[in-house]
Amino acid sequence: MYHFVQVYFRLPIFVRLFLTVILFMTFFGIVIHFLEPGHFPSVFDGIWWAFVTGSTVGYGDYVPLSTIGRIVAILLILAGGGLVTFYMATVSASTIKYERDLSNGKVAFKGNNHIIFVGWNERTRQLIEIMQSQKDPEKVVVIDKSMKTLPYSKYPVHFIKGDFYEDDILLKANIKQARKALITADPSKREEESDQSVILGIVAMKGCNPDLNIIAEILTEKQVINAERAGANDVIRSNDFMSSLFYHELYRNDPVQPFKLLLKILTEEQFYELTPPADLIEQPFSKGVAYYAEKTSILIGLIRQDALLINVNPDETISNDDRLVLLSPK
């Protein structure tokens with residue numbers, strides 16, 4: 001009995017209440033069946049009457065006629081009605097609390113094969129919108145310390161509040177079963193401090209999941225090598241990218257607008273790196289362009305000995321060791 005009590009009180013309150021309601025109504029159903037077997041032919045009929053009476057629905061299809069039966073009904077109404085009402089109120093309160101905790105970043109993520117975003121900002125918000133527009137949206141977990149709340153009904157992500165380099169926060173994000181992680185730079189910090197935080201986060205994530213594919217945003221060039229040493233699979237140098245883009249905007253020839261053109265390409269197209277098919281080995285680059293044009297893709301260059309070659313000579317021969325760089329619709 002003591003063991004049963006210990007187990008019972010370790011259960012969540014709404015589970016305890018549910019079990020109590022079931023046992024309570026079953027007890028009264030059995031009692032009324034034995035007191036008035038003529039009006040309650042089976043135990044199930046008695047239990048049905050107990051639930052209908054205790055929940056104050058009162059269909060009236062079964063009614064006790066004896067004095068003792070009516071006394072049992074009074075006890076059921078007094079005790080059962082309050083118990084059922086308390087159960088419904090508890091379930092409602094638990095649901096509201098869970099939704100609030102979900103928006104406040106207190107609920108651990110239970111899924112797998114997901115992507116973890118570190119930092120909630122305009123870049124990640126827009127990235128999530130782009131991902132959600134695809135046919136098969138990814139499951140996304142956002143880790144951020146600065147936000148107080150992230151409404152789950154408004155944004156289709158799971159929010160975890162806290163520092164992304166703390167193990168308990170990473171475990172809440174179920175990092176061990178995550179597929180990829182994207183760490184963005186913190187715009188509220190100085191560039192050096194932001195890069196140091198990113199590198200610390202890479203080390204923490206790799207410590208929890210050595211196989212995790214991590215994409216990290218680094219602002220200063222000198223910290224790129226440290227991010228790679230820490231275990232980042234890809235490093236995005238956003239300052240270098242933006243500087244190049246500003247240069248093209250400053251010296252562009254109207255009416256071409258490099259920023260809008262590049263944004264359209266990155267939103268609607270996808271870059272791919274492929275091994276040359278057997279049909280293109282030892283063939284001129286121009287044949288590769290025609291080959292992929294028939295597949296609604298654009299062959300834009302080669303990767304040869306870790307060097308990216310753009311504007312390749314049409315007569316350049318594609319070798320077995322080359323990698324093809326394509327631009328294809330998503």
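Atom set for the values below is all heavy atoms of this structure, side chains included, hydrogens, waters and symmetry mates excluded.
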With sequence neighbours excluded, residues passing side-chain hydrogen bond (donor to acceptor under 3.5 Å, both in side chains) with S146: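 S146 satisfies side-chain hydrogen bond (donor to acceptor under 3.5 Å, both in side chains) with D144 once adjacent residues are dropped.
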
Results of side-chain hydrogen bond (donor to acceptor under 3.5 Å, both in side chains) for T124 - residues two or more places apart only: N121

Only pairs under 3.5 Å count here: list side-chain donor-acceptor contacts from residues 277-302, not counting sequence neighbours, and write none if there are none.
unit_1 : atom_1 : unit_2 : atom_2 : d
S286   : OG     : P314   : O      : 3.4
S297   : OG     : S328   : OG     : 2.6

List the atom pairs, with distances to 0.1 Å, where a side-chain N or O of residues 28-40 and a protein N or O form a donor-acceptor pair under 3.5 Å, not counting sequence neighbours.
unit_1 : atom_1 : unit_2 : atom_2 : d
H33    : ND1    : F40    : O      : 2.8
E36    : OE1    : H39    : ND1    : 3.4
E36    : OE1    : L65    : N      : 3.0
E36    : OE2    : L65    : N      : 3.1
E36    : OE2    : S66    : N      : 2.8
E36    : OE2    : S66    : OG     : 2.5

Residues that [X] engages under salt bridge (Lys or Arg N to Asp or Glu O under 4.0 Å), provided they are two or more places apart:
X    : result
D321 : none
E191 : none
K145 : D163
D195 : none

Side chain to side chain contact (heavy atoms under 4.5 Å, CB included) evaluation trace for F164 with V142: CA-CA 10 Å; F164 63 95; V142 174; over 6 Å; no

Which pairs count as salt bridge (charged side-chain N to carboxylate O under 4.0 Å, His left out) when at least one residue sits in [range], sequence neighbours excluded?
range            : value
residues 224-236 : none
residues 175-184 : E138-R179
residues 302-312 : R304-E316, R304-D322

Short side-chain donor-acceptor distance under 3.5 Å, Q196 and E192: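 There is no such pair (donor and acceptor under 3.5 Å, judged by atom type) between the side chains of E192 and Q196.
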
Note: R123-E217 ion pair, threshold 4.0 Å (strictly below):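 Answer for the salt bridge query: yes.
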
Flag if over 12 foreign heavy atoms under 6.0 Å of CD, Q126: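 Buried by this count: over 12 neighbours within 6.0 Å.
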
Residues I128, R125; criterion side chain to side chain contact (heavy atoms under 4.5 Å, CB included); working and verdict: CA-CA 5 Å; I128 289 170; R125 186 189 66 79; 5.9 Å; no

K148 and N104: CA distance, side-chain angles, deciding distance, side chain to side chain contact (heavy atoms under 4.5 Å, CB included) verdict: CA-CA 6 Å; K148 292 183 178 179; N104 292 341; over 6 Å; no

Shortest non-hydrogen separation from C208 to I175 and the atoms involved: CB-CG2, 3.6 Å

All ring pair (Phe, Tyr, Trp, His ring centres under 6.0 Å) counterparts of Y247, not counting sequence neighbours: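 Expected list: Y251.
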
Candidate pair F117 and V157, rule side chain to side chain contact (heavy atoms under 4.5 Å, CB included), full reasoning: CA-CA 10 Å; F117 286 178; V157 299; over 6 Å; no

